[in-house]
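One structure is given below, encoded as C-alpha cells.
Note that the structure is predicted; figures quoted are calculated from it, not measured. Just so it is clear, the values below take in all heavy atoms, side chains as well, and ignore hydrogens, waters and symmetry mates.
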Amino acid sequence: METAEFVDILRREGALLADAAQTAGTEAKVPTCPDWQIRDLLRHTGAVHRWAARFVAEGITGPRPIDDEPELDGAELLGWYRESHRRLTDTLAGAPADAPAWTFLPAPVASPLTFWARRQAHETTIHRYDAESARGGAPTPIGAGFAVDGVDELLRGFHAREKSRVRTEEPRVLRVRATDVDDAVWTVRLSARPPVAVPGESGAADAELAGPAEQLYLALWNRVPVPAVTGDASLAALWRETSGIV
C-alpha cells in the first residue's frame, strides 16, 4: 500500500473514532478494553497522534517519550482529540516523501513517512473499533487488503522485537492464514527468542489460526476470538495470553 492510502485511511478512521466517541459519551465503558472508558481511549489515542506527528514535523531521528495525556473530559476532550487527529493527518499529507524521522519497528516499509502513516492508520483503526464497541451497533467494516497489511505489521513488526512475550520453551510453528485473500499466509516460528514470521507456507505447522482477513486482524489484536483454530489449541491460547503490545 502507498503512503497516501494509509493517510486516507487514517483520516477516515479518526473521524469515525471521534463520531463513535461522541455518540457513546466519555463515561462509556469500552468492552474491548475493559479497563478503559471512552475518555481513556481519546486521551491515549490523541496523545499518540501528537507524538507521531512531532517525529515527522520536526524531523526527530531518535526516540522521545509520549507527552502526558491531558486531564480534559467531555466536549473539550473530544475537541482536543479531533485537533490531534487533524494535526497528524495534515503533517503526514504535507510532508516530503523523504522526510527523516525515527521509527521503532523492523517491519519493511519504503520510508519513515510511510512507516508513520501505516502505523497510525492501524493504531487508529483498532481504536476506532474500540470506540464503536462502546457505542454499540454494527462496527464499520475493515477492508481485507488493509487488514492483511495489519496482520503483516503485527507479525513481522511488533512481534519481531525483543519486547514480544510470545515465546515457547521448545520450538513450535504457528501458521496464520487469511482465508479470503490469495497468498495471505505467514509461517511463525516460536521459540525462547522473539517470534520469526515470514510470508508464505513453509513446512508443517503445529497449529493454524485462520479466518477472513478482517476477523483475523481483529483477533490477533485480541479484539475478537480467532475465527478458526486447527492443530494445537494451546498455541492460540498462548497468543491470547502473551501477545499484548507493551
So does Gly25 get a backbone contact from the side chain of Arg135, meaning a donor-acceptor N/O pair under 3.5 Å?
no

Residues at least two apart in sequence or cross-chain that pass side-chain hydrogen bond (donor to acceptor under 3.5 Å, both in side chains) with Asp19, listed by chain then number, are Arg82

Practice problem: Describe, in one word, how the ring planes of His85 and Tyr81 are oriented to each other, choosing from parallel (under 30°), tilted (30 to 60°) and perpendicular (over 60°). | Solution: parallel

Smallest heavy-atom separation, Asp149 atom then Met1 atom, equals CB-SD, 4.2 Å

(request) Give a yes-or-no answer on whether the side chains of Asp98 and Ser111 include a donor-acceptor pair shorter than 3.5 Å. (result) no

So CD of Glu69 and OG1 of Thr45: to nearest 0.5 Å the spacing works out to 8.5 Å

TODO: Give a yes or no on whether the backbone of Ser191 and the side-chain of Arg167 come within a donor-acceptor separation of less than 3.5 Å.
DONE: no

In this structure, CD of Gln37 is separated from CG of Leu41 (nearest 0.5 Å) by 11.0 Å

Sorted by chain and residue number, the side chain to side chain contact (heavy atoms under 4.5 Å, CB included) partners of Asp206 (sequence neighbours excluded) come out as Arg172, Val173, Leu235

Nearest heavy-atom contact between Ser133 and Pro31 is OG-CD, 3.3 Å

query = For the side chain of Asp90 and the backbone of Arg87, is there at least one donor-acceptor N/O pair under 3.5 Å apart?
reply = no

For the residue pair His49 and Thr124, establish whether any side-chain heavy-atom pair is separated by less than 4.5 Å. yes

Check your understanding: Ignoring hydrogens and geometry, is there a side-chain-to-backbone donor-acceptor pair from Glu169 to Ala192 under 3.5 Å?
Key -> no

_Exam field: side chain Ser164 to backbone Ala160, donor-acceptor pair closer than 3.5 Å_ = no

**OP:** For the pair Asp67 and Arg50, evaluate salt bridge (charged side-chain N to carboxylate O under 4.0 Å, His left out) and give the outcome as yes or no after the intermediate values.
**Re:** CA-CA 8 Å; Asp67 292 339; Arg50 289 174 182 248; over 6 Å; no

Rounding to 0.5 Å, atoms CG (Leu88) and CD (Glu83) come to a distance of 11.0 Å

Across all chains, not counting sequence neighbours, the ring pair (Phe, Tyr, Trp, His ring centres under 6.0 Å) partners of Trp239 are His159

Worksheet item: Which is it for Leu174 and Glu208 under the side-chain contact (heavy atoms from CB on, under 4.5 Å) test, yes or no, and what are the steps along the way?
Response: CA-CA 6 Å; Leu174 180 65; Glu208 179 169 302; over 6 Å; no

Looking only at heavy atoms, the pair that brings Leu113 and Ala97 closest together is CD2-CA, 3.9 Å

Worksheet entry | Whether Gln215 side chain and Pro212 backbone form a donor-acceptor pair below 3.5 Å | no

All heavy atoms of Val7 vs all of Ala117, minimum pair found to be CG2-CB, 3.9 Å

**Full working for side-chain contact (heavy atoms from CB on, under 4.5 Å) between Val185 and Val176** = CA-CA 6 Å; Val185 58; Val176 177; over 6 Å; no

Distance col, row Leu218:CG vs Ile126:CD1, nearest 0.5 angstrom, shows 5.0 Å

Do His122 and Glu153 pair up side chain to side chain, a donor and an acceptor below 3.5 Å, judged on atom types alone? no

(Q) Within the 3.5 Å criterion, strictly below it, is a donor on Arg175 or Thr187 matched to an acceptor on the partner's side chain? (A) yes

For Val196, the hydrophobic cluster (side chain heavy atoms closer than 4.5 Å, chained through members) also holds none

Can you label the angle between the Trp102 ring and the Trp116 ring as parallel, tilted or perpendicular, going by 30° and 60°?
-> tilted

Quick note, ring pair (Phe, Tyr, Trp, His ring centres under 6.0 Å) partners involving residues 16-39, not counting sequence neighbours, are Trp36-His44, Trp36-His127

Contacts of Phe6 meeting ring pair (Phe, Tyr, Trp, His ring centres under 6.0 Å) (sequence neighbours excluded), chain-then-number -> none

To the nearest 0.5 Å, atom CG of Leu78 lies from atom OG1 of Thr26 at 8.5 Å

CZ (Arg11) and CD1 (Ile9) are apart, to the nearest 0.5 Å, by 11.5 Å

**Worked verdict on Glu241 versus Arg165 for salt bridge (charged side-chain N to carboxylate O under 4.0 Å, His left out)** = CA-CA 9 Å; Glu241 293 163 4; Arg165 297 177 296 120; over 6 Å; no

Among side-chain atoms of Asp152 and Trp186, is any donor-acceptor pair under 3.5 angstrom? yes

